[in-house]
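See structure below.
For the numbers below, each heavy atom of this structure counts, side chains included, while hydrogens, waters and symmetry mates do not.
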Amino acid sequence: MSERILIIGAGFAGMWSALGAMRLLDQQGKADGSVEVAVIAPQPELHIRPRLYEKHAATMKAPLSEVFANAGVRFIKGYAKAISTAKNSVTYSDDEGRETTIGYTKLVLATGSVLFRPDIPGLAHAFNVDQLADAAVLEEHISQLGRLPESPARNTVIVAGGGFTGIETAAEMPHRLRNALGEDADTRVIIVERNDAIGPDLGPGPRPIIEQALSELGVETRLGAAIVSIDQDGVTLASGERIDASTVIWTAGARANPITSQIDAEKDASGRLHVDRNLKVIGHANVYATGDVAYAATDDAGNRTMMSCQHAQNLGRSAGHNVAADLVGADPIPYSQEKYVTCLDLGPWGAVYTEGWDRQVKLSGAEAKALKTKINTTWIYPPSAERAAALAAADPLRIVVA
């Protein structure tokens, strides 16, 4: 068979890995079929996960069939089940559960992250905005709340987790509830956060703006509080406090896709694989990791990648280039992304934009919201399906900070 670069996952990192690999093969005169670039994923579409806190969640996806076809990338519809690094093979299943095994010369693991689900009684009653289908279920639930009898529980949304996703989700909820229940409904939105401050991972820089926005939106916070159980009518906190709510949204963190456990290599606390500067998994000559499954250095100052679209896009470009370079003997381009920014949506209030790992506020309110809208509706979407444009956009030196 021809040599094969096999990529598992068609998210931000997987899509850009495929295009990045094809770009280099094209430059090296290897886009003649002698090296195949193949992507395994459930659907040939990019789910726009950074937007799943918004309404119309079911539409937050972009087709990739034409992009892949024009670039010369083979798409394989399936669910990766097993990886054998000893045999250089991946086993995947189709919608009917039939399994197929495919070999690879080089593997790129771009399977993304999944919602952290601790062992909390009743967690299955909670909604989430982690995956497109989950966010669509939440949206349908909210749209049907008006059919329930008037009650404090019906009118209350609890957002479990006051991190990035929790804040963005909570900031959208007051107006989404009013749309569902009427402008005069006595609604409540409450963030429950274990730490003593909102946005604990965001640091003190943007916190005053976040607190102001949430206050003006009418979002309450319960800080230093832990949810110990959930049921269909609300939550119970470690303090014993009971909060009645028909809608509980779980946003408390992410973990690397558990398929990383099949790679015998060092991992961080979130299950991400340790990689070198070229994104090769340490200890494995033929395996690369990228996006949310890669624990990678962003610079020489000790900073590491976050599980974010911002890092996944550039990790993908780099992984694609470097895995192809490894295969054809070209020079790699070590991954580097020294600039780090944060743009946090704060619903109708606006947004807050920061720069640097210490998150210095640069924009807030409507000005930051305009930037966030541009990021969410343009910058993170797939490139043009036109071959030359798509491959040019996959240049690993083209750093997108968004």
Side-chain angles (χ1 to χ4, degrees), residues 49 52-53 113-131 133-135 137-142 144-145 148-174 176-177 180-181 186-203 207 210-211 214-215 217-258 261 268-272 292 306-307 344 347:
R49 287 179 75 191
L52 294 183
Y53 64 92
S113 58
V114 296
L115 183 66
F116 175 51
R117 301 174 188 269
D119 187 18
I120 291 178
L123 184 59
H125 291 291
F127 298 89
N128 68 77
V129 292
D130 183 56
Q131 303 293 332
D134 298 321
V137 169
L138 170 63
E139 183 159 27
E140 175 63 18
H141 166 78
I142 292 173
Q144 299 298 316
L145 285 174
L148 299 177
E150 167 77 28
S151 70
R154 184 200 71 165
N155 295 357
T156 300
V157 171
I158 293 173
V159 177
F164 198 101
T165 302
I167 293 168
E168 290 195 324
T169 302
E172 287 285 323
M173 282 298 138
R176 289 180 67 174
L177 275 181
L181 301 176
D186 184 18
T187 60
R188 295 180 75 191
V189 177
I190 307 167
I191 296 175
V192 178
E193 168 56 47
R194 296 176 64 95
N195 289 276
D196 293 329
I198 196 71
D201 294 334
L202 297 174
R207 188 166 294 135
I210 296 169
E211 291 173 339
L214 294 178
S215 175
L217 289 168
V219 175
E220 304 172 42
T221 57
R222 290 281 196 284
L223 302 177
I227 292 174
V228 295
S229 68
I230 302 171
D231 56 57
Q232 62 184 3
D233 298 314
V235 304
T236 300
L237 306 184
S239 64
E241 179 183 2
R242 169 76 183 180
I243 307 177
D244 292 334
S246 298
T247 309
V248 179
I249 307 172
W250 187 262
T251 71
R255 297 291 184 270
N257 187 296
S261 66
D268 77 342
S270 296
R272 298 185 296 173
D292 287 358
M306 304 285 285
M307 289 185 177
L344 179 72

Indicate the atoms forming the closest heavy-atom contact of [X] with [Y], along with that distance.
X: V189; Y: A170; value: CG1-O, 3.9 Å
X: N128; Y: R117; value: ND2-NH2, 3.6 Å
X: M307; Y: S113; value: SD-CB, 3.9 Å
X: D130; Y: L115; value: OD2-N, 3.2 Å
X: R154; Y: P149; value: CD-O, 3.4 Å
X: H125; Y: I230; value: CD2-O, 3.8 Å

R207 side chain vs L202 backbone, donor-acceptor pair below 3.5 Å = no
Can you check whether N195's main-chain N or O pairs, donor with acceptor, with E193's side chain at less than 3.5 Å?
-> yes
To the nearest 0.5 angstrom, please state how far the [atom1] atom of [X] sits from the [atom2] atom of [Y].
X: R176; Y: L138; atom1: CZ; atom2: CG; value: 5.5 Å
X: S215; Y: I210; atom1: OG; atom2: CD1; value: 13.5 Å
X: I142; Y: F127; atom1: CD1; atom2: CZ; value: 8.0 Å
X: M173; Y: T156; atom1: CE; atom2: OG1; value: 13.0 Å
X: N155; Y: L148; atom1: CG; atom2: CG; value: 9.5 Å
X: I191; Y: I249; atom1: CD1; atom2: CD1; value: 10.5 Å

Any side-chain heavy atom of L177 sitting closer than 4.5 Å to one from L145?
-> yes
Going through the checks in order, is the side-chain contact (heavy atoms from CB on, under 4.5 Å) test met by I120 and W250?
-> CA-CA 11 Å; I120 291 178; W250 187 262; 3.3 Å; yes
Would you please test L123 and I227 for side-chain contact (heavy atoms from CB on, under 4.5 Å) and show each step?
-> CA-CA 10 Å; L123 184 59; I227 292 174; over 6 Å; no
Just list the side-chain donor-acceptor pairs under 3.5 Å for residues 160-169, sequence neighbours left out, or say none.
residue: E168; atom: OE2; partner: D345; partner atom: N; Å: 2.8
residue: E168; atom: OE2; partner: K372; partner atom: NZ; Å: 3.2
residue: T169; atom: OG1; partner: T165; partner atom: O; Å: 2.8

Please report, to 0.1 Å, the donor-acceptor pairs under 3.5 Å made by any side chain of residues 235-245, with sequence neighbours excluded.
residue: S239; atom: OG; partner: E241; partner atom: N; Å: 3.3
residue: E241; atom: OE1; partner: R222; partner atom: NE; Å: 3.4
residue: E241; atom: OE2; partner: R222; partner atom: NE; Å: 3.3
residue: E241; atom: OE2; partner: R222; partner atom: NH2; Å: 3.0
residue: R242; atom: NE; partner: D244; partner atom: OD1; Å: 3.2
residue: R242; atom: NH1; partner: D231; partner atom: OD2; Å: 2.8
residue: R242; atom: NH2; partner: D231; partner atom: OD1; Å: 3.0
residue: R242; atom: NH2; partner: D231; partner atom: OD2; Å: 3.3
residue: R242; atom: NH2; partner: D233; partner atom: O; Å: 3.4

Option from V219, V157, L214 for which side chain to side chain contact (heavy atoms under 4.5 Å, CB included) with P174 holds =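 Among V219, V157, L214, the one meeting side chain to side chain contact (heavy atoms under 4.5 Å, CB included) with P174 is V219.
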Ionic contact status for D292 with R255, cut-off 4.0 Å | no
